[in-house]
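A short worksheet on the structure shown next.
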Amino acid sequence: MALKRITSPHTHRALGTGAVMRNVVFATLPGLVVLTYFFGLGTLHNVLLASIAAMGFEAAVMKLRGRPVWFYLRDCSALVTGVLLGLALPPYCPWWLVVLGSAVAIILAKQLYGGMGFNPFNPAMVAYVVLLISFPLQMSQWAAPQDIGGQTPGIVEALKQIWLGSPIDGYTAATPLDTVKQNSSLMLDALYLQDPVLSAGQFAGAGWEWANVAFLLGGLYLLYRRIFTWHAPVAMLASLSLMAALFYDGGSSQSGGSVLFHLFSGATMLGAFFIVTDPVSSAVSTRGRLIYGAAIGVLIYVIRIWGNYPDGVAFAVLLLNFAAPFIDYYTLPRTYGHKKSERATRKVDQ
Amino acid sequence: MELIKVWDIPGGVHPPENKHQSMVEPLGQIEIPPQLILPVSQHIGAPAKPIVEVGQKVLGGEVVAEADGVFSANVHASTSGTVAAIVEHVVPHPSGMRDTCVIIDTDGKDEWVALEPWEDYTQRDHDDVVKRIRDCGIAGLGGAGFPAAVKLNPRSNHTIDTLIINGTECEPYITADDMLMRERADEIVAGTQILARLLHDPERVIIGIEDNKPEAIERVRKAAEGTNILVVSFPTKYPSGGEKQLIQILTGREVPSGQIPATIGVVCQNVGTTAAVYRALRYGEPLVKRITTVVGEALEQQRNIEVLLGTPVHYVLDKHGFNEKKASRLVMGGPMMGFALPDTSVPVVKTTNCLLAPSKKELPPPEPAMACIRCGMCAEACPAELLPQQLFWYAQAEDLEKLETHNLFDCIECGACSYVCPSHIPLVQYYRAAKGEIRQHRIDKEKSDRSRRRFEFRQERIAKEEAEKEAKRLARKKAAEEAKKKLAEQKAAAPADAKPAPAEDADKQLAKLERLLASAQERLKKAEQPLTDDATDEQREKQAASIKQAELKVSEAQKKLNEFKASNIAKTSENKPASDDPVAAAIERAKAKQTMAPEEKLRASIESLQKRLEKAEQKAADAEADKPDMVDALKQGVAKLKEKIASAEKELAELAPAKSSASKEDKTSSTPDAAQAAIERAKAKMSMSPEEKLRSTLESLYKRLEKAEQKAADAKAEGSDKAEALQQGVDKLKEKIASTQQELDEVKPSTVAEETPQDPATSDAASLAIEKAKAKAAAMATMSASDKLRNQVDSLEARLEKSRAKLAKAEQENDDNVDAFRSAVTKLEDKLAATREQLAEHE
Ligand code: SF4
Ligand code: SF4
């Protein structure tokens with residue numbers, strides 16, 4: 001009797017790549033709900049549109065490459081990219097911005113490098129940065145949270161603005177990060193009292209702090225499911241906190257903002273648990289991920305305070321994506337039976 | 001009871017255990033199968049040598065194959081019967097390979113040889129005990145099946161302070177050791193004590209058992225009461241049972257990379273081995289049966305059985321209601337590290353701890369692999385703290401160097417990484433392949449280094465010899481010039497006398513061409529060798545191409561040879577008989593000439609030329625019929641012959657009237673001289689030529705090798721599909737060079753030895769050497785590579801001995817040739833060492 005030849009191991013854990021990705025999408029839901037609650041339908045619309053566009057582009061490329069479309073869509077990596085990009089874009093931005101971003105993410109940043117697993121940069125972050133540099137105006141219009149008096153735009157208004165470009169009056173407001181950055185004359189306490197967004201929140205601005213808390217929850221869920229390890233996100237949050245503490249400056253007018261402010265504003269938690277943890281473009285070893293995360297945390301602070309852009313998550317992540325292979329070379333774990341960890345660059349005699 | 005610290009290991013996974021199925025029923029037995037298949041090699045190490053004959057009756061416990069060296073184990077008949085065959089049979093190996101097996105038709109009587117029980121086994125001395133363990137063929141019943149005795153004789157520089165008995169059994173499904181520990185805890189403890197004594201009572205003797213086998217722990221603890229054996233349990237986690245991992249768990253020490261546990265003072269044995277050691281000592285029982293778990297949803301009955309080694313797997317399965325349609329595969333070993341059997345006719349061997357016949361639902365076929373998302377789950381699971389994803393990446397990129405810097409060789413192939421990989425990448429498969437490739441690469445590299453060294457060494461030597469030859473040639477040239485001057489004086493009288501020299505050259509050339517033809521034919525033959533059945537179409541095409549090429553070469557060589565023969569015939573004015581020994585013939589001719597008058601000579605030569613003309617014409621006619629490409633050459637030869645005859649006749653005519661005027665004194669004084677010179681030269685050649693010839697062959701072979709290598713490299717660089725064919729050519733050339741080199745070496749010592757005394761035996765010795773070399777070459781052609789090597793080693797050893805004796809004698813007698821002898825000896829020694837190494841690699 002002839003039998004099939006299959007190599008060991010013959011048994012596998014049930015968790016597959018598709019399931020991993022679906023877990024990630026699931027974990028973004030609290031954040032999405034909070035964002036929608038505070039800023040209206042804009043973010044939800046972004047997420048839906050970006051997801052559909054991203055999967056569409058993925059399918060198209062797979063078809064062009066002559067690959068089985070469904071097999072590759074099933075891994076849900078395009079969906080994750082779409083969702084993350086949608087979450088990062090400002091609510092009520094024009095539809096073409098979203099579609100263009102999805103195209104950049106999937107085609108340029110992912111498929112041109114060989115597809116899933118081969119992209120050296122995080123696709124959503126590449127798209128975000130490309131859009132930020134190309135369309136700074138559209139990319140810096142963030143909606144005002146509903147707590148500060150005004151109503152969030154209604155569904156018809158929103159769709160009109162997104163699809164037809166007919167502007168809604170006065171729905172935007174400066175983000176807390178912007179406010180603190182622009183401030184040069186007020187003590188922080190005074191600023192917190194004066195600025196509508198900051199004064200409506202507890203420590204990091206209305207809406208923003210809750211969105212960050214929600215993303216933190218989602219991240220903890222993923223940690224609990226062991227979708228990724230704690231090293232990179234914790235290192236990032238720790239180094240960001242350290243920087244914030246170092247330059248807090250007692251809350252003077254030159255202060256960069258408190259530790260809590262930095263942890264819970266902008267894209268901190270989204271970045272820490274959904275971007276920095278993107279395995280494909282990060283360092284691989286435990287030590288490598290600690291270094292990788294910590295460096296991102298430092299860079300985020302540097303860009304936020306001394307850079308030209310209000311938030312630095314995307315830039316910081318991309319810079320470290322660059323450095324990841326280099327980090328990998330020098331952070332190999334110590335293998336069983338070896339006295340110390342080796343470097344991947346050492347010479348071997350063959 | 002003393003408590004010892006249990007350490008944690010990094011990584012690890014928790015696959016579903018699936019151990020209860022096979023523990024419901026008690027330990028079972030099955031009947032003696034009608035046939036036993038006993039592979040002579042059941043483990044890592046050298047195969048045993050069969051010592052029975054077909055048709056011979058054997059009793060249970062009789063040795064049928066004897067251990068061949070330390071790393072080999074005896075194989076015993078598991079029951080009585082008749083040896084039906086000793087053949088190649090499929091053996092349990094992941095590759096589905098075949099190996100020599102002794103096949104026994106059992107007679108069902110189960111008659112046994114008389115065993116020799118030792119009541120006082122605890123009193124026997126160390127060597128006796130080790131010998132008994134070896135004689136009984138005890139091998140590791142756990143992983144690789146290493147002969148047990150090897151580990152019990154640690155090197156003197158290793159002090160063993162810890163003996164670990166492995167009862168971990170961390171693989172899912174397998175319960176053979178669990179069953180053994182429950183049923184025979186006493187034997188395990190007794191065996192453990194034996195091993196401890198053999199190792200001079202190490203400080204700590206530990207039996208390690210995973211905590212998912214409470215009953216086994218209980219029984220072994222009870223059995224070990226009152227001894228100094230510690231029974232330690234630790235949390236269940238795969239792969240705690242790996243030798244390195246278990247050592248880490250129980251001692252906190254790590255076995256240094258690439259070393260054995262003994263270097264850190266630890267010896268590790270499996271519980272099954274321990275029990276077998278006890279039975280061997282106490283009862284003299286050889287290892288002929290073991291406990292095996294037979295499990296899986298595709299079986300009606302799942303349990304542990306004690307089964308005779310050699311029992312065919314299908315026999316075992318049939319006894320347990322195997323449903324082939326339900327089975328997704330058949331695994332020998334567990335689901336993590338076991339291998340899928342290609343065939344159910346393989347036998348149960350010493351290392352068969354489990355036969356797993358899972359249903360399709362139980363272990364579904366592997367899902368298609370997706371891209372690595374670098375999630376790092378594999379790295380988290382790896383007990384060796386490797387980065388499996390990086391290894392995978394570099395394995396795909398075939399970056400061998402990076403694989404080594406990432407410590408690929410520390411991978412224990414446990415499969416934990418593949419198990420957790422969400423993309424279902426068969427990582428371990430990649431690692432196995434990559435390891436194989438690196439090993440091959442290392443071997444190749446070493447080989448090429450060695451041959452490069454040899455080549456350089458040779459080049460140096462050849463250059464030196466060339467220089468010497470050049471000097472000699474110059475001297476000879478001078479002498480020849482003088483002779484020529486003399487000859488020129490009598491040229492008018494005896495023009496034919498100057499001819500022997502070109503004839504000699506021609507002989508050389510002829511020999512060379514003949515060699516060329518022979519080698520081309522050889523290559524053709526090789527190219528025509530049938531491919532194995534499983535050769536791909538591509539391979540077939542390549543073969544066809546290389547055959548064609550070889551054929552072309554043969555015909556070319558043939559043509560050249562014929563052309564040369566034809567033209568040479570025309571050039572020489574003497575009869576060149578088709579003798580096998582041109583040198584002897586030349587001497588004959590020269591001698592004959594010495595006694596002949598020029599007129600007579602011319603006449604004789606005309607006669608012979610005419611004879612040859614006849615022959616040549618005949619040949620040309622023949623050739624016209626079947627070898628059209630040779631016809632031209634032959635016809636040319638005919639024409640030249642005719643011309644020659646005409647000119648000889650003219651000379652004769654001229655000579656006849658001038659006969660009386662020719663000065664006879666001159667002739668008698670100088671002609672014999674020239675002839676004498678020719679004889680001398682011929683003689684010289686006789687003693688030198690085999691070596692010289694071989695050397696020139698070698699030289700040309702090296703040149704060809706260089707070219708061929710260049711071509712192969714180019715082809716590879718271009719990714720041409722001819723690369724493989726070219727590489728084959730290179731390999732063949734290398735082989736050829738090696739064999740020529742050997743022949744040369746063979747010839748040389750004898751010439752060196754016999755060169756000095758100018759006795760008549762010279763020619764005999766030389767021709768004898770040639771004869772020998774020829775016979776050897778013929779024999780070699782039919783031998784396998786390792787046989788060849790072994791043969792070479794033997795002959796080298798013999799030669800070395802002889803040379804050493806000669807050297808000693810020469811040294812005693814203060815002979816001038818001492819140096820030559822000495823260098824011959826060192827060369828032989830080098831060669832022997834190199835050949836031995838090659839042989840070792842081969843095996
Ligand atoms: S577990 Fe599989 S997918 Fe994840 S990093 Fe390892 S090889 Fe890649
Ligand atoms: S198979 Fe090798 S790489 Fe994979 S987990 Fe085991 S030791 Fe690590």
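No experiment lies behind these values; they were computed from the predicted model shown. Convention: sequence-line order gives letters A, B, ...; per-chain numbering from 1.
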(message) If you count heavy atoms of other groups shown closer than 6.0 angstrom to CD of B:Gln396, is the number above 12?
(response) yes
(message) Could you tell me if the side chain of B:Glu385 sits less than 4.5 Å from the side chain of A:His338, heavy atoms only?
(response) no
(message) If you apply the rule side-chain contact (heavy atoms from CB on, under 4.5 Å), what do you find for A:Thr11 with B:Tyr419, and how did you get there?
(response) CA-CA 6 Å; A:Thr11 172; B:Tyr419 173 76; 3.9 Å; yes
(request) Would you indicate whether the side-chain heavy atoms of A:Thr335 and B:Ser257 approach each other to under 4.5 Å? (result) no
(request) Please check if atom CZ in A:Arg65 has more than 12 non-hydrogen atoms from other residues, nucleotides or ligands closer than 6.0 Å. (result) yes
(message) With rounding to the nearest 0.5 angstrom, report the SG to CG distance, B:Cys375 to A:Asp278.
(response) 11.5 Å
(message) With a 4.5 angstrom heavy-atom cut-off, is it the side chain or the backbone of B:Ala379 that approaches chain A, or both, or neither?
(response) neither
(message) Rounded to the nearest 0.5 Å, what separates atom CE in B:Met377 from atom CZ in A:Phe228?
(response) 10.0 Å
(request) Among B:Glu362, B:Arg253, B:Glu413, B:Arg432, single out the residue with the greatest number of heavy-atom pairs under 4.5 Å to chain A. (result) B:Arg432
(message) What part of B:Glu380 gets within 4.5 angstrom of chain A, counting heavy atoms only: side chain, backbone, both, or neither?
(response) side chain
(request) Would you check if the side chain of A:His10 reaches a backbone N or O of B:Gly338 as a donor-acceptor pair within less than 3.5 Å? (result) yes
(request) Check whether any side-chain heavy atom of A:Arg13 sits under 4.5 Å from a side-chain heavy atom of B:Val13, and report yes or no. (result) no
(request) Give a yes or no answer on whether the side chain of B:Ser418 reaches the backbone of A:Pro9 with a donor-acceptor pair at less than 3.5 Å. (result) no
(request) Supply the atom-to-atom distance A:Leu332 CG to B:Asn407 CG, rounded to the nearest 0.5 angstrom. (result) 7.5 Å
(request) Any chance you could measure A:Tyr336, atom OH, to B:Ile412, atom CD1, to the nearest 0.5 Å? (result) 8.5 Å
(message) I'd like to know whether OH of A:Tyr113 has more than 12 heavy-atom contacts from other residues, nucleotides or ligands below 6.0 angstrom.
(response) no
(message) Under 4.5 Å from any heavy atom of chain B, what part of A:Thr286 do you find: side chain, backbone, both or neither?
(response) neither
(request) Could you tell me the separation between the OG atom of A:Ser281 and the CZ atom of B:Arg374, rounded to the nearest 0.5 Å? (result) 8.5 Å
(message) What part of A:Val280 gets within 4.5 angstrom of chain B, counting heavy atoms only: side chain, backbone, both, or neither?
(response) both
(message) Just verifying a value: how many Å separate A:Arg74 CZ and B:Met370 CE, rounded to the nearest 0.5 Å?
(response) 6.0 Å
(request) Would you mind checking which part of A:Arg289 comes under 4.5 Å of any heavy atom in chain B, side chain (CB onward), backbone (N, CA, C, O), both or neither? (result) side chain
(message) Are B:Ile373 and A:Ser77 packed together at the side-chain level, in the sense that at least one heavy-atom pair is separated by less than 4.5 angstrom?
(response) no
(request) Please flag which part of B:Glu367 lies under 4.5 Å from any non-hydrogen atom of chain A: side chain, backbone, both or neither. (result) neither
(request) Pick one of side chain, backbone, both or neither for B:Val420, based on which atoms fall under 4.5 Å of a heavy atom in chain A. (result) both
(request) Using non-hydrogen atoms and a 4.5 Å limit, figure out which bit of B:Val255 sits close to chain A: side chain, backbone, both or neither. (result) both
